[in-house]
Amino acid sequence: MKKKSKLGLLLLKEGLINEEQLKRALGIQEETGRKLGSILVGLGFITQSELMNFLSNQYHVPFIDLRSILVDNEVTNLLPKDLVYRNQVFPVKKIGKVLTLAMSNPDDMDAIEEVKFATGCQVNPVIAPAEEIKSAIEEYYEEIGTDLQTIDEEEIDIGDDLLGDEFSGEFDENDLKTMQFEQEVDIGRLNQNSKPIVNYVNFIIADAVRKEASDIHIEMYEKLFRVRYRIDGVLREVLKPDVSKRFAIVARIKTMANLDITERRRPQDGRIRVNVDKNPIDIRVSIIPVINGEKVVMRILDQSSLMLDMRDMGFEEDNLKKFNNAIEKPYGIVLVTGPTGSGKSTTLYSAMNRLNNPDVQILTAEDPVEYNLFGINQVQVNPSIGFTFAEALRAFLRQGPDIVMVGEIRDSETAQIAIRAALTGHLVLSTIHTNDAPSTVNRLIDMGIEPFLLSASLNLIQGQRLVRRVCSNCKVEVMPDDRMLREAHIDPAIFEGKPVYKGAGCPVCGGTGYKGRVAITEVLDITSDIRELILKNASTDELRDAARKEGFRTLQEDGLLKVKKGLTTIEEIIRETGIEE
């Protein structure tokens, strides 16, 4: 159900409007962008009183007549002008830590969250007609000072408004001290002394962290400027800032990441460290030029969200036992494979956390170092100066480590050194990009590794994906769709006619039916039979067939176990694993 038509469908269900009236109103909404309720009232399909009473009953919130009340300036000053205009909300009163907020759509959770962020208050929504809210905003906010709309784009381009008149594209010592101090301040609260752009960027970051997003995507198009969050592996559009403010927002992010705000022709990478609600947050910033400006991706690394117990990630007991047995061997290679964003790094961090003892030396080569782990020597590689994974591995072997973690095996040189390290008494943990566990063997052979070296050094290969969890707050039983299962070559009989679960959609999960993620895995244990096949340069299919005889489960099969347990849905498993022949 599209958000813009939700109100219309509810009114239709209650018999307050008919389908033709809804269709006509939606057409006008698409053309004008106006509120659907206002359009329906304007067309005479429903009265204002009927609409307000319906909304009040539907959302269990009271109706308020804004024309009959006076609001103190101290209350209106709680919310900046750009916020109330953008969301069409109006603050009515504040008692203690509770702010009463007039809204025409009390189901707008994004607006409520933004007001919470701006004020630090709990929000008590009340319903008022959209026209009354608009009139109140114009009356009370007419004389309030400069907002986001008043920033001059020429200032934005050269950065004067953000960094001072003397800024020349390079940072001096005082600039760096200022920024370092600023980044130590918690950005989870609105700062009345900061400029609107500063508060707006802070809001985007804090909001993404609170919604447990892994990435923030800021994208520029010819007539559109939008912000999307990647939540549970799926992108969601959350904001559409004014297009004219795109340079200001990107310049602010560059400033926070110590990047050159005057450079728009080349990619730039940086790092931001901030606190959100007293939690330290590390953000990796990547900026690339696009035809309409620059695209920004900010990857959020929240130390508090790192799961170091693989049971919490959803690993099945048999697969977890095989993995733990492999990493507890004194030497050999353990590889984790999967695409970007499949949780490979988290799995390796969990493995190192299990192995991290005072009598063991662990060295890691990472690009980048995502999380700092106490007691582990972590090294950031830097290919631009020739300090590659291969170079780091060579240096590690002179340090006498017990365990080595290599962020990724990308080339033949790194693979060769990792194999040599495993054969000389070191335990090597690493990742590699392949589609599944069995195909990893032939991928390494293609990289120039001799089969006899692989056979002697490999302990285990684990393939994995992350799928979205069913929201526990709105979980409901449904019967499996037999037709969909057959189309995906899945035998419906595996569910034994029993129901599975899906999320109905609620405010907790943002209406998606999913909240959080769970891992699905396939574990190729390198047994003596598998070693013999590797020596014979067996095909991927031969390796998979032999592994199945020893209890190997594919990603899809492991995922279907999660479906049976009510952790995820059939649709998610098919989306992540495709159709197996």
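Computed from heavy atoms alone, side chains included, the values below leave out hydrogens, waters and symmetry copies.
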Looking at residues at least two apart in the chain, or sitting in another chain, which of them share a ring pair (Phe, Tyr, Trp, His ring centres under 6.0 Å) with F495?
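Per chain and number, F495 pairs via ring pair (Phe, Tyr, Trp, His ring centres under 6.0 Å) with no residue.
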With [X], which residues qualify under side chain to side chain donor-acceptor pair (under 3.5 Å), at least two apart?
{"X": "T568", "value": "none"}
{"X": "N473", "value": "none"}
{"X": "D446", "value": "none"}
{"X": "E532", "value": "none"}

Can I get a per-line list of side-chain donor-acceptor pairs under 3.5 Å for residues 218-225, giving both atom names and the distance, sequence neighbours left out?
{"residue": "E219", "atom": "OE1", "partner": "R226", "partner atom": "NE", "Å": "2.8"}
{"residue": "E219", "atom": "OE1", "partner": "R226", "partner atom": "NH2", "Å": "3.4"}
{"residue": "E219", "atom": "OE1", "partner": "R228", "partner atom": "NE", "Å": "3.0"}
{"residue": "E219", "atom": "OE1", "partner": "R228", "partner atom": "NH2", "Å": "3.4"}
{"residue": "E219", "atom": "OE2", "partner": "R228", "partner atom": "NH2", "Å": "2.8"}
{"residue": "Y221", "atom": "OH", "partner": "R226", "partner atom": "NH2", "Å": "3.1"}

From V467, T569, V500, I494, residue fulfilling side-chain contact (heavy atoms from CB on, under 4.5 Å) relative to V563
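Considering V467, T569, V500, I494, a side-chain contact (heavy atoms from CB on, under 4.5 Å) with V563 is found only for V500.
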Partner set under side-chain contact (heavy atoms from CB on, under 4.5 Å) for [X], not counting sequence neighbours:
{"X": "R468", "value": "D232, V234, Y514, R517, E572, R575"}
{"X": "N372", "value": "V369, Q378"}
{"X": "A547", "value": "L524, I530, F552"}
{"X": "A504", "value": "C474, V476"}

Any salt bridge linking R483 with E487? Criterion: basic side-chain nitrogen under 4.0 Å from a carboxylate oxygen.
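A salt bridge links R483 with E487.
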Using a strict cut-off of less than 4.0 Å between a Lys/Arg side-chain nitrogen and an Asp/Glu carboxylate oxygen, indicate whether D282 and R271 qualify as a salt bridge.
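Judged by the 4.0 Å cut-off on N to carboxylate O distance, D282 and R271 do form a salt bridge.
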Sequence-distant partners of R553, salt bridge (Lys or Arg N to Asp or Glu O under 4.0 Å), two or more places apart
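Partners of R553 under the salt bridge (Lys or Arg N to Asp or Glu O under 4.0 Å) test: D318, D558.
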Do S439 and N442 have side-chain N/O donor and acceptor atoms under 3.5 Å apart?
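Their side chains do not contain a donor-acceptor pair, so the 3.5 Å distance test is not met.
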So, Q464 side chain and G338 main chain: donor-acceptor pair closer than 3.5 Å or not?
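Here the side-chain-to-backbone pair does not exist.
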Flag, side chain of Q462 to backbone of T521, donor-acceptor distance under 3.5 Å:
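A pair under 3.5 Å: no.
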Enumerate the residue pairs fulfilling side-chain hydrogen bond (donor to acceptor under 3.5 Å, both in side chains) with a member in residues 323-333, sequence neighbours excluded, ordered by first and then second residue.
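side-chain hydrogen bond (donor to acceptor under 3.5 Å, both in side chains) check on residues 323-333 returns E328-R354.
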